[in-house]
Amino acid sequence: MKKETVPSFNQIYMDLASSLALRSHCVKQKVGAVLTKDTRIISLGYNGPPAGTHNCDEEWPETGCARDRKGSCYLALHAEANAILYAAKNKTDLEGSTLYVTLSPCLSCARIILSVGIKKVIFLNSYAVYKGMDIDEGVEFLRKFGVEVDHYEIS
């Protein structure tokens with residue numbers, strides 16, 4: 001009898017983040033996030049507009065939502081921000097937690113991640129590559145202030 005391969009928690013959580021990304025209504029980039037603590041899921045999120053506003057893929061299926069002055073989506077909340085906000089709304093302690101996200105955090109999200117006490121971030125794809133930037137500012141920021149950040153390699 002062949003022994004089954006047991007997936008690692010990293011694989012399970014990144015697979016879940018990738019599946020959550022498919023729920024996104026963004027027409028530009030779909031991103032999912034999973035927050036864990038002590039091998040338990042404590043919150044989930046994906047990028048998209050705040051509840052009660054517009055779903056970009058329904059309102060603007062060709063172009064997505066309007067852009068702000070910096071060229072970012074006008075309506076979008078990033079996946080990691082959504083996961084953190086949901087946890088905060090439910091009074092979940094994030095100190096020492098781990099974040100799995102399909103796109104490395106932008107600088108703004110990195111500030112939030114540091115502020116709420118997340119200790120580790122594992123990302124699948126690079127925000128810098130997606131945006132055509134030289135460096136992953138969010139990743140560099142987190143590392144500078146002691147948050148462990150790892151690039152997840154699909155095996």
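Hydrogens, waters and symmetry mates are skipped; everything else that's a heavy atom, side chains included, is used.
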N10 side-chain N/O to Y152 backbone N/O, donor-acceptor pair under 3.5 Å = no

Show me the donor-acceptor pairs within less than 3.5 Å that the side chains of residues 103-119 make with the rest of the protein, sequence neighbours left out.
{"from": "S104", "atom 1": "OG", "to": "Y127", "atom 2": "N", "distance (Å)": "2.7"}
{"from": "S104", "atom 1": "OG", "to": "D136", "atom 2": "OD1", "distance (Å)": "2.8"}
{"from": "S115", "atom 1": "OG", "to": "R111", "atom 2": "O", "distance (Å)": "2.8"}

- Query: Is it the case that more than 12 heavy atoms not belonging to R23 sit under 6.0 Å from its CZ atom?
  - Reply: no

Applying side chain to side chain contact (heavy atoms under 4.5 Å, CB included) to N90 and not counting sequence neighbours gives Y86, T92

Shortest non-hydrogen pair, S24 vs K30, comes out as O-NZ, 2.7 Å

Are I122 and F9 linked, directly or through other ILVMFWY residues, by side chains that come within less than 4.5 angstrom of each other? yes

Considering only heavy atoms from C-beta outward, does the side chain of V31 approach that of Y46 to under 4.5 Å?
no

Of all heavy-atom pairs linking E140 and I135, the shortest is CG-CD1, 4.4 Å

| request: Report yes if some heavy atom in the side chain of F123 is under 4.5 Å from a heavy atom in the side chain of V149; otherwise report no. | output: yes

Item checked: Co-membership, hydrophobic cluster, residues Y130 and L142, 4.5 Å side-chain -> yes

Across all chains, not counting sequence neighbours, the side chain to side chain contact (heavy atoms under 4.5 Å, CB included) partners of E148 are K120, D150

Does a side-chain heavy-atom distance below 4.5 Å link T39 with Y13? yes

Applying ring pair (Phe, Tyr, Trp, His ring centres under 6.0 Å) to F141 and not counting sequence neighbours gives F145

Flag side-chain contact, heavy atom, 4.5 Å: V34 against L99:
no

Rounded to the nearest 0.5 angstrom, the NZ-CD distance for K144 and E137 is 12.0 Å

For the hydrophobic clusters of this structure (ILVMFWY residues joined by side-chain heavy atoms under 4.5 Å, transitively), does one cluster hold both L85 and I41?
no

- Check: L16 and L44 side chains under 4.5 Å, non-hydrogen atoms: yes

Sorted by chain and residue number, the side chain to side chain contact (heavy atoms under 4.5 Å, CB included) partners of T5 (sequence neighbours excluded) come out as none

Exactly one candidate in L35, V121, L124 meets side chain to side chain contact (heavy atoms under 4.5 Å, CB included) with V101; the answer is V121

Output for pair (S126 OG, M133 CE), nearest 0.5 Å, gives 8.5 Å

Next on the checklist: Would you say that D93 contacts K37 through its side chain, given a criterion of any heavy-atom pair below 4.5 Å between the two side chains?
Outcome noted: yes

Taking Q11's backbone N and O only, do any of them form a donor-acceptor pair with S8's side chain (distance below 3.5 Å, no angle check)? yes

- prompt: Is the number of heavy atoms from other residues, nucleotides or ligands within 6.0 Å of CD1 (I154) greater than 12?
  reply: no

Heavy-atom closest pair (A83 atom, G45 atom, distance to 0.1 Å) is CB-N, 3.8 Å

Rounded to the nearest 0.5 Å, the OG atom of S43 sits from the CG atom of L94 at a distance of 7.5 Å

Checklist entry - Is the shortest heavy-atom distance from the side chain of P50 to the side chain of L77 under 4.5 Å? => result yes

Side chain to side chain donor-acceptor pair (under 3.5 Å) filter on D15, not counting sequence neighbours, yields none

